[in-house]
2 protein chains.
Amino acid sequence: MSTDDGLRKAGLRSTLPRLKIISVLENSEVRHMSAEDIYRHLIDSREEIGIATVYRVLTQFEQAGIVIRHNFEAGRAVYELNDESPHEHLICMSCGEIVEFEDSSLVQQLAKIASEHSFSLDNHSLYLYGHCQSCAH
Amino acid sequence: MSTDDGLRKAGLRSTLPRLKIISVLENSEVRHMSAEDIYRHLIDSREEIGIATVYRVLTQFEQAGIVIRHNFEAGRAVYELNDESPHEHLICMSCGEIVEFEDSSLVQQLAKIASEHSFSLDNHSLYLYGHCQSCAH
DNA sequence: GTATATGCAAAACTTTTGCATCCTT
DNA sequence: AAGGATGCAAAAGTTTTGCATATAC
């Protein structure tokens, strides 16, 4: 599916700023980026865009399921493209490396726990913080 | 152990602002409070304190293990007393109710996952978001 | 008495919003 | 042509910091 189609499917007009933002998320070597990261990346590439647009577009993308928003650290959200393969995150507190892993049994367990407390489960956030092998002391 | 001893053990002087903040966290009917919540609670009770002190003290308390900091929602941290009994949180997105649950096997699983990726695990954040029974539609 | 903590105000950051203009459809 | 999107600047919300004063030990 083209980026254009993806936007239309989400009920969003295909505009230049939106295409630019998706392109950054698709092509950057870093997978998790903040609004400011994306803005800087574009400005440094001599692409014109406003920071307010980046924030507005990311919010729309999140609601449309195009990106996933994370709060790895307080006070700054980061976004990654939603590739439809659910995964969790391991974060190295020294070098910032982020390892993604998938564990469906874990997710099933979360659903079971919610149901045991008479909760419907919409989503969850799970982040493991530690130190990767090269940063271990 | 008295509050005084707890502070001293953490290498913190026993000061009036610190005692006031602990008292709020111990006695408030709400278990998870933001810095602003604690500040307002004190001001409304005609206790003198500065908001900057609340932030500074909460940061020290977190580092000392006296409180645990959470980012249930982006942009605002909440704190709870660390009662030394590890638990996770279920959050109702309608009414804001927070249910705590304990699951040591889940935590063991997280440690196993980290080790499988050659990570040392320092801590984790796990929040389940959904709707409680009375808010389910 | 000395080092540390506090309070105030100002600053720093991230994110949101009002509004005039521009772009998609 | 019309509604939606953008960009700028200003505002809002949370958290941090500089500095003079007050407090704990």
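So that the names make sense, note that chain A is the first sequence line, chain B the second, and so on, each numbered from 1.
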A side-chain contact here means heavy atoms from C-beta on lying under 4.5 Å apart; do [X] and [Y] qualify?
X: Asp4(B); Y: Leu19(B); value: yes
X: Ile21(A); Y: Ile49(A); value: yes
X: Leu16(B); Y: Glu48(B); value: no

Notebook entry, point to check: Which two nucleotides bound the region of DNA chain D that has atoms under 4.0 Å from heavy atoms of chain B, read 5' to 3'?
Noted result: dT14(D) to dC25(D)
Notebook entry, point to check: Are any side-chain N or O atoms of Asn71(A) and backbone N or O atoms of Ala74(A), one a donor and one an acceptor, separated by less than 3.5 Å?
Noted result: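 No, because the side chain of Asn71(A) does not come within donor-acceptor range (under 3.5 Å) of the backbone of Ala74(A).
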How many whole angstroms separate atom [atom1] of [X] from atom [atom2] of [N]?
X: Tyr55(A); N: dT14(C); atom1: OH; atom2: P; result: 7 Å
X: Lys20(B); N: dT6(C); atom1: NZ; atom2: C1'; result: 11 Å
X: Ile43(B); N: dT6(C); atom1: CD1; atom2: C1'; result: 13 Å
X: Leu16(A); N: dT21(C); atom1: CG; atom2: C1'; result: 16 Å
X: Glu73(A); N: dT14(C); atom1: CD; atom2: C1'; result: 12 Å
X: Phe61(B); N: dA5(C); atom1: CZ; atom2: P; result: 11 Å
X: Glu62(A); N: dT16(C); atom1: CD; atom2: P; result: 10 Å
X: Glu48(A); N: dC23(C); atom1: CD; atom2: C1'; result: 15 Å

Note to self: Just N and O in the side chain of Arg13(B): are any of them under 4.0 Å from OP1 or OP2 of dA5(C)?
What the structure shows: no
Check: Where along residues 3-12 of chain A does a heavy atom fall under 4.0 Å from DNA chain C?
Finding: Arg8(A)
Item checked: 5′-ward residue of the pair Ala77(B)/Thr15(B) relative to DNA chain D -> Ala77(B)
Notebook entry, point to check: Taking the nucleotide of DNA chain D with the closest heavy atom to each, which residue, Glu36(B) or Thr53(A), is nearer the 5' end?
Noted result: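 So the residue in question is Thr53(A).
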Touch check for [X], heavy atoms < 4.0 angstrom, all strands: base, sugar-phosphate only, or nothing?
X: Ile49(A); result: sugar-phosphate
X: Ser14(A); result: sugar-phosphate
X: Arg56(B); result: base

Check: Any idea how Phe72(B) and His70(B) line up, ring-wise: parallel (<30°), tilted (30 to 60°), or perpendicular (>60°)?
Finding: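 The rings of Phe72(B) and His70(B) lie parallel, inter-plane angle below 30°.
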Next item on the list: Classify the angle between the aromatic ring planes of Phe101(B) and His117(A) as parallel (below 30°), tilted (30 to 60°) or perpendicular (above 60°).
Entry: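 Tilted.
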Checklist line | Side-chain ion pair, Arg31(B) and Glu100(B), N-O less than 4.0 Å | finding: yes
When the side chains of residues 57-65 of chain B are checked against the rest of the protein, which donor-acceptor pairs come out under 3.5 Å, sequence neighbours left out?
unit_1, atom_1, unit_2, atom_2, d
Thr59(B), OG1, Tyr55(B), O, 3.0
Gln60(B), OE1, Arg18(B), NH2, 3.3

Check: Are Ile66(A) and Leu25(A) grouped together when hydrophobic residues (ILVMFWY) are joined by side-chain heavy atoms under 4.5 angstrom apart?
Finding: yes
